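One structure is given here, and the rest of the page talks about it.
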Amino acid sequence: MRGINLLSQAYTVISYHKHTLPNGLRVIIHEDESTPMVAVNVLYNVGARDESPDKTGFAHLFEHLMFGGSANIPDFDEPIQKAGGENNAFTNNDVTNFYDVLPAENLETALWLESDRMLSLNFSEQVLEVQRKVVLEEFNETCINQPYGDVWHHLADLAYKVHPYRWPTIGKVPKHVEDATIEDVRDFFYKFYRPNNAILVVAGNVKNDEAVCQVEKWFGEIPAGETQDRRLPQEPPQTKLQQRINEANVPVDALYMAFHTSSRMDESYYTTDLISDILGNGPSSRLYRGLLKEQRLVNSIDCYLTGSMDPGLLIVEGRPADGVSLEQLEEIIWTELDQLRNESLSPRELEKVKNKLESTHEFSESNILNKAMNLAFYELLGDIELVNEEINHYRRITAEGIQQTARKILTRENCSTLYYRAKQQEV
């Protein structure tokens, strides 16, 4: 039976209305009568890349501080829960994102909460100390006590020499958060968490005009901050293989291979994304099928992109099976990468990976929170219409384009390799 070509079918188009308040807050409304719910998403254009090298982990600290109480609201969870909703947040290298999902008739509860913490946080020593302890405990749990938890500290530092992507979102060392003062926190807040540095999306069972009026009511009087002129050091091209060995108390050895790729807005990003899917996305991917399923050379294998706004990384990571060394695993992976570089992809494999990507995309767009997040992110990228048009970038990718991109990025001189060895137990 012939496979269904999803790429020839229509896909969901997301409609939206754009507005900008006098204070610079960008507002996007998406009307969806098929749901009784509404999602409110506030994206701040600040992440770990905006930190000073001697004060890292601040963006992540603020993710927690923003739940520690604001000018008029001591607790964020109780009001949203009473309104039948839920909220959460995440931080990465590029952005800090807060979101609320609740019944549409309670939209103003979310707008009230988000506007008050945009207006001003509760800057107190007590709140700072509580959230500082939470962040430091998270550092201990995820980076120090968890096996392979500090991998990104090693790999990012190995791959990047000047760009602030060289430290992880949680920070380089706990001391930077330990030493944070109220003055540091206040300065960071009023520099980045301003309406003119944010994008607000309301998506769900709302009417554009009514939603805009409510947004203006709650956000219109918040003063704008200074315009940010982000001038980050650009990472120079890597010209030789970078290698590092780290030993730790982990169950088994692990191998990490990082290749420099383009920025998120570069056209080659889409081809590189497909390459990562071809190599490591799911049981039918090349590395999984060849190294794990057929040859049993690894216990796990994966390939993915960081997807960062500035030039990022394609990561291959694997843990060898018993009797297979890290050196052997690395050469086996290079054999697979060389095959992708030197042999053209078959039409069937190319169609299959595109079909899988589009079905994942279509499923994701059925969720109002995902739509809200995507609208905010593409607006931040500078082209909100990518929310509807990005799939066409993938459709245009050819087997020749994949081979050309693979030859460009999957090279030894563009690779940073981390051997994460398990310490030998003393008898």
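Model, not experiment: these values are computed from the prediction.
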Query raised in the report: side chain to side chain donor-acceptor pair (under 3.5 Å) with Gln146: which residues, sequence neighbours excluded?
Result: none
Query raised in the report: Quick one: does Arg166's side chain have a donor or acceptor within less than 3.5 Å of a partner on His163's backbone?
Result: yes
Report task. Ignoring hydrogens and angles, state whether a donor on the side chain of Ser120 or Tyr190 is under 3.5 Å from an acceptor on the partner side chain. Result -> yes
Query - SB check Lys356 Glu362 (cutoff 4.0 Å) - result: no
Report task. Could you walk me through whether Val177 and Lys55 pass side-chain contact (heavy atoms from CB on, under 4.5 Å), step by step? Result -> CA-CA 7 Å; Val177 171; Lys55 292 181 179 180; over 6 Å; no
Query - Residues Arg264 and Asp266 bridged, charged N to O under 4.0 Å - result: no
Query raised in the report: Taking all non-hydrogen atoms of both residues, which atom of Ser284 and which atom of Arg289 are closest, and how far apart?
Result: O-NH1, 2.6 Å
Query raised in the report: Under 3.5 Å, is there a donor-acceptor pair linking the side chains of Arg395 and Asn392?
Result: yes
Query raised in the report: Got a second to check how far Tyr378's OH is from Ile14's CD1, nearest 0.5 Å?
Result: 8.5 Å
Query raised in the report: If only atom types and distance count, is the side chain of Thr56 paired as donor or acceptor with the main-chain N or O of Lys172 below 3.5 Å?
Result: yes
Query - Asn97 versus Asn41, side-chain donor and acceptor atoms under 3.5 Å - result: yes
Query - From CD1 (Ile301) to CG (Leu292), nearest 0.5 Å - result: 8.0 Å
Query - Nearest heavy-atom neighbours spanning Ala406 and Ile275 - result: N-CD1, 3.8 Å
**Report entry** Test of ring centre spacing under 6.0 Å for Tyr160 and His260
**Finding:** yes
Query - Donor-acceptor side-chain pairing of Lys371 and His30 below 3.5 angstrom - result: yes
Report task. Indicate whether the side chain of His176 and that of Asp54 have a donor and an acceptor atom separated by less than 3.5 Å. Result -> no
Query raised in the report: Short question: side chain of Asn196, backbone of Gly225 - any donor-acceptor pair under 3.5 Å?
Result: yes
**Report entry** Tyr270 and Glu390 side chains, donor-acceptor separation under 3.5 Å
**Finding:** yes
Requested in this report: Under the side-chain contact (heavy atoms from CB on, under 4.5 Å) rule, what do Gln403 and Leu345 come out as? Steps first, then yes or no, please.
Outcome: CA-CA 8 Å; Gln403 189 173 28; Leu345 208 66; over 6 Å; no
Query raised in the report: Is it true that the side chains of Asn106 and Thr109 contain a donor and an acceptor less than 3.5 Å apart?
Result: no
Report task. List the steps, then state whether side-chain contact (heavy atoms from CB on, under 4.5 Å) holds for Leu313 with Leu305. Result -> CA-CA 6 Å; Leu313 299 172; Leu305 292 185; over 6 Å; no
Query raised in the report: Would Asp157 and His153 count as having a side-chain donor-acceptor pair, cut-off 3.5 Å?
Result: no
Query raised in the report: So, His393 versus Arg396: side-chain donor-acceptor pair below 3.5 Å or not?
Result: yes
Query raised in the report: Looking at OG1 of Thr405 and OH of Tyr269, how far apart are the two atoms once the value is rounded to the nearest 0.5 Å?
Result: 13.5 Å
Query raised in the report: How far apart are the closest heavy atoms of Gly47 and Ala59, and which atoms are they?
Result: C-CB, 3.7 Å
Query raised in the report: Going by atom types alone, do Asp302 and Tyr288 pair a side-chain donor with an acceptor below 3.5 Å?
Result: no
**Report entry** Nearest-0.5 Å distance that lies between atom NZ in Lys354 and atom CD1 in Ile278
**Finding:** 9.5 Å
Query raised in the report: Taking atom NZ of Lys175 as the centre, does the number of heavy atoms from other residues, nucleotides or ligands within less than 6.0 Å exceed 12?
Result: no
Requested in this report: Heavy atoms only: give me the nearest Ile333-Met257 pair and the separation to one decimal.
Outcome: CG2-SD, 3.8 Å
**Report entry** Flag if over 12 foreign heavy atoms under 6.0 Å of CG, Asn342
**Finding:** yes
**Report entry** Minimum heavy-atom distance Pro168-Trp152, with the two atoms named
**Finding:** CB-CD1, 3.5 Å
Requested in this report: Scan side-chain atoms only and decide if Asn145 and Asn140 contain a donor-acceptor pair under the 3.5 Å cut-off.
Outcome: no
Query raised in the report: Are a donor atom and an acceptor atom from the side chains of Ser268 and Ser262 found within less than 3.5 Å of each other?
Result: yes
Query raised in the report: Counting N and O atoms only, with roles assigned by atom type, does the side chain of Asp253 sit under 3.5 Å from a partner on the main chain of Leu326, one being a donor and the other an acceptor?
Result: no
**Report entry** Step-by-step salt bridge (charged side-chain N to carboxylate O under 4.0 Å, His left out) determination, Arg412 to Glu331
**Finding:** CA-CA 11 Å; Arg412 293 179 187 262; Glu331 287 308 309; 3.4 Å; yes
**Report entry** Heavy-atom closest contact (Pro36 atom, Asn205 atom, distance)
**Finding:** CA-ND2, 4.2 Å
Requested in this report: Kindly indicate, with the supporting measurements, whether the criterion side-chain contact (heavy atoms from CB on, under 4.5 Å) is fulfilled by Glu86 and Asp100.
Outcome: CA-CA 6 Å; Glu86 58 183 11; Asp100 314 88; over 6 Å; no
Query raised in the report: Are Glu129 and Arg132 ion-paired here, with the side-chain N under 4.0 Å from a carboxylate O?
Result: yes
Report task. Check whether the side chains of Glu114 and Tyr99 place a donor and an acceptor atom closer than 3.5 Å, and report yes or no. Result -> no
Query - Donor-acceptor pair between Glu138 and His64 side chains, under 3.5 angstrom - result: yes
Report task. Please confirm whether Tyr419 and Tyr256 have ring centers closer than 6.0 angstrom. Result -> no
Query raised in the report: Looking at NZ of Lys82 and CD of Glu78, how far apart are the two atoms once the value is rounded to the nearest 0.5 Å?
Result: 4.0 Å
Requested in this report: Using the six-membered ring of Phe67, assess whether NZ or CZ of Arg117 lies under 6.0 Å from its centre and within 45 degrees of the ring axis.
Outcome: yes
Query raised in the report: With distance as the sole criterion, is a donor-acceptor pair present between the side chains of Asp94 and Tyr165 under 3.5 Å?
Result: yes
Query raised in the report: Can any side-chain N or O of Arg341 pair as donor or acceptor with the backbone N or O of Arg407 at less than 3.5 Å?
Result: yes
Report task. Output yes when a side-chain donor or acceptor of Thr35 lies under 3.5 Å from a complementary backbone atom of Gly204, and no otherwise. Result -> no
**Report entry** Test item: Glu413 side-chain N/O and Leu241 main-chain N/O as donor-acceptor pair under 3.5 Å
**Finding:** no
Query - Short side-chain to backbone donor-acceptor contact, Glu358 and Asn355, under 3.5 Å - result: no
Query raised in the report: Any donor and acceptor pair, going by atom type alone, linking the side chain of Asp184 with main-chain N or O of Thr181 inside 3.5 Å?
Result: yes
Report summary line: CG of Asn281 to CZ of Arg286, rounded to nearest 0.5 Å, is 14.0 Å
Report task. Check for a donor-acceptor pair, side chain of Gln238 on one end and backbone N or O of Lys240 on the other, with a separation under 3.5 Å. Result -> yes
**Report entry** Aromatic centroids of Phe58 and Phe62 separated by under 6.0 Å
**Finding:** no
Query raised in the report: For residues Thr417 and Gln242, is any side-chain donor paired with an opposing acceptor at under 3.5 Å?
Result: no
Report task. Please indicate whether Glu221 has more than 12 foreign heavy atoms, meaning atoms of other residues, nucleotides or ligands, lying under 6.0 Å from its CD. Result -> no
Query raised in the report: Less than 6.0 Å separating the ring centroids of Tyr148 and Tyr420?
Result: yes
Sequence neighbours left out, cut at 3.5 Å: what donor-acceptor pairs do the side chains of residues 18-26 make with other protein atoms?
from	atom 1	to	atom 2	distance (Å)
Lys18	NZ	Glu379	OE1	3.1
His19	NE2	Asn208	OD1	2.9
Asn23	OD1	Leu25	N	3.1
Asn23	ND2	Phe219	O	2.9
Asn23	ND2	Ile222	O	2.9
Arg26	NH1	Glu379	OE2	3.2

